[in-house]
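First comes the structure, then the notes that go with it.
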Amino acid sequence: MSQFKLPPIPSGTSYADPRVREKMAAWMKEFHEEQLTAVGSSELLRIYCQALNNWVLNPTTESHDIELLVDEICHTARLEDSE
């Protein structure tokens, strides 16, 4: 059994529901904070990069979704640079 808390989303739930997306975003933020405390920022960045790489290489990942994610990463990086 995994040591991680599962997202609070019942199996078969539609991610099209904005409330479901809000719950998932909150879970992701909590997961991030827990992992940051547990493994540190450098290790967590390595883990995120490996997970993203695996996701991009997965043949079931839609190319449009990859483009959206890359756009969002670039947009967020520009916002961080301007602060």
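What's counted below: heavy atoms across the whole structure, side chains too, no hydrogens, waters or symmetry copies.
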Grouping I, L, V, M, F, W and Y whenever their side-chain heavy atoms are under 4.5 Å apart, do Ile47 and Leu52 come out in a common cluster? no

Hey, does Trp27 have a side-chain heavy atom less than 4.5 Å from the side chain of Leu6? no

d(Glu67 CD, Asp65 CG) to nearest 0.5 Å is 9.5 Å

Quick one: are Arg19 and Lys23 in side-chain contact, heavy atoms under 4.5 Å? no

Kindly indicate whether the side chain of Glu34, heavy atoms from C-beta on, has any atom under 4.5 Å from the side chain of Thr37. no

Salt-bridge criterion met for Glu43 and Arg46 (N-O under 4.0 Å): yes

So do the side chains of Ile66 and Thr61 get within less than 4.5 Å of each other, counting heavy atoms only? yes

From Gln35 atom CD to Ser41 atom OG, the distance as rounded to the nearest 0.5 Å: 13.0 Å

OH-CZ distance between Tyr15 and Arg21, expressed to the nearest 0.5 angstrom: 10.0 Å

In this structure, would Leu45 and Phe31 fall into the same cluster of hydrophobic residues linked by side-chain contacts under 4.5 Å? no

Verify same cluster id: Val70, Leu68 (apolar side-chain graph, 4.5 Å): no

Tell me if a side-chain donor or acceptor on Thr13 pairs with a main-chain N or O of Pro10 at a distance below 3.5 Å. yes

Is Tyr48 reachable from Leu69 through a run of I, L, V, M, F, W or Y residues, each pair having side-chain heavy atoms under 4.5 Å apart? no

